[in-house]
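A quick write-up on the structure given underneath.
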Amino acid sequence: SNLAHELRTPINNLMGQTQVALSRVRAPDEYRKVLESNLEEYERLSRIVADMLFLAKADHAQIALRRTSIDLREEFERVAAFYEAHAEERGVTLDCQGSVVIAADRRLVQRALSNVLSNAIRHTPQGGRVSASIREQAGQAMISISNPGVGIEAEHLGRIFDRFYRVPRLDEAEREGTGLGLAIVKSILELHGGRVTTDSTPGEVTTFRLIFPVAAPATDVVPADPERAE
């Protein structure tokens, strides 16, 4: 039902805009504006489908991890560089402290960091700072990403990783997303044998913690000579 509701809005928008455009003969520029608007809705539909396909594959263990040694700080800074222009437009600064090397799928780690970081920037007020802290403890690597803002009330914290769930008063800021970003973060961490947690003090700071095992499990190790291993 959530998926049907999420798809209904862009589909209705596409139908309505197209019907209006076809109601009478229009100038080329008007048709162009309709096509540009429709393209945004098609892109939204495409993101929803891609995200749902990813989650479906994760649910059925159909995503093969390509673990390599990666530095969490380097990956965060790589993702932060992608969002630097957007952050500057909002007057938001980004910083990161600490460094830990983990065995993980670089592409998926970048996707998880991107989803959390873009969320943090979106909800940080003008002139605010998004801070990341990386540390290792008891065989686990943790990257904490914190931002100031309106925060999330306790009754919503337990549901923000649910698919399509949005904090009601944050709907306006979340409209550009699919409502699946944090669910994907959770799936990525679980695929790696880790977890994601969050806490928030409304009106102050919200922190997401991505926790990875430092070393890959033995089952992920592929023998150099499969015949000898048998």
Side-chain angles (χ1 to χ4, degrees), residues 6 9-10 13 33 36-48 50-51 54 71-99 106-135 142-154 156-157 159-186 188-189 196-210:
E6 201 69 24
T9 299
N13 289 343
K33 288 179 181 179
E36 289 173 346
S37 178
N38 284 356
L39 180 59
E40 292 180 4
E41 299 294 348
Y42 285 127
E43 289 172 346
R44 176 175 174 78
L45 285 169
S46 178
R47 289 196 301 271
I48 292 173
D51 288 347
F54 176 89
D71 187 315
L72 268 180
R73 179 163 186 168
E74 290 181 1
E75 299 310 318
F76 177 86
E77 291 178 344
R78 185 173 286 113
V79 172
F82 178 80
Y83 287 106
E84 187 174 4
H86 177 56
E88 287 181 354
E89 287 179 5
R90 298 178 56 85
V92 173
T93 55
L94 311 174
D95 67 60
C96 183
Q97 302 294 326
S99 177
R106 185 186 307 275
R107 176 179 56 88
L108 294 183
V109 169
Q110 288 178 353
R111 186 169 186 178
L113 291 173
S114 176
N115 286 1
V116 174
L117 183 57
S118 62
N119 215 41
I121 294 172
R122 188 182 309 134
H123 294 297
T124 298
Q126 186 81 17
R129 177 184 297 273
V130 176
S131 300
S133 173
I134 304 172
R135 63 187 177 91
M142 176 190 297
I143 176 167
S144 303
I145 301 176
S146 303
N147 68 279
V150 295
I152 305 169
E153 289 87 354
H156 299 296
L157 283 177
R159 298 194 60 192
I160 59 174
F161 296 105
D162 293 350
R163 297 168 191 186
F164 297 115
Y165 185 77
R166 292 183 174 92
V167 179
R169 62 182 173 75
L170 299 182
D171 278 352
E172 188 66 31
E174 292 288 353
R175 254 178 215 175
E176 61 191 86
T178 63
L180 294 171
L182 293 180
I184 287 174
V185 172
K186 181 182 177 183
I188 289 173
L189 268 293
V196 57
T197 65
T198 185
D199 60 65
S200 180
T201 302
E204 296 184 23
V205 177
T206 297
T207 300
F208 285 85
R209 297 180 181 86
L210 281 61

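Please read all numbers here as calculations on a predicted model, not as lab measurements. The residues of the chain are indexed from 1 along the displayed sequence.
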Shortest non-hydrogen contact between [X] and [Y], atoms and distance:
X    : Y    : result
P148 : G128 : CG-CA, 4.4 Å
R129 : T124 : N-CG2, 4.0 Å
G181 : N115 : O-ND2, 3.0 Å
A80  : L117 : CA-CD2, 3.7 Å
R73  : C96  : NH2-O, 3.1 Å
P125 : G149 : CD-CA, 3.9 Å

Please identify which of these residues, I188, V185, I184, L113, meets the side-chain contact (heavy atoms from CB on, under 4.5 Å) condition with L108.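 One option only clears the test, and that one is I188.
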
Can you classify the ring geometry of F161 versus F208 as parallel (below 30°), tilted (30 to 60°) or perpendicular (above 60°)?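 Taking F208 first and then F161, their aromatic rings stand perpendicular (interplane angle over 60°).
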
Once you round to the nearest 0.5 Å, how far does [atom1] of [X] lie from [atom2] of [Y]?
X    : Y    : atom1 : atom2 : answer
F76  : S133 : CZ    : OG    : 10.5 Å
N119 : I145 : CG    : CD1   : 10.0 Å
E77  : D71  : CD    : CG    : 8.0 Å
R135 : I143 : CZ    : CD1   : 12.0 Å

Counterpart residues, side chain to side chain contact (heavy atoms under 4.5 Å, CB included), relative to [X] (two or more places apart):
X    : value
N38  : L14, Q17, T18, V34, Y42
R78  : E75, R106, Q110
T207 : S144, S146, D199, V205, R209
S118 : Y83, R122

Which residues satisfy the salt bridge (charged side-chain N to carboxylate O under 4.0 Å, His left out) test with R159, sequence neighbours excluded?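 With sequence neighbours excluded, R159 shows a salt bridge (charged side-chain N to carboxylate O under 4.0 Å, His left out) to D162, given in chain and number order.
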
Residue pair [X] / [Y], side-chain heavy-atom distance below 4.5 Å:
X    : Y    : answer
V196 : V116 : no
D95  : S131 : yes
H123 : T206 : no
L39  : E43  : yes

Check E40 with R44, please: is the shortest side-chain N to carboxylate O separation under 4.0 Å?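 So R44 does not pair with E40 through a salt bridge.
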
Partner set under side-chain hydrogen bond (donor to acceptor under 3.5 Å, both in side chains) for T198, not counting sequence neighbours: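 Expected list: none.
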
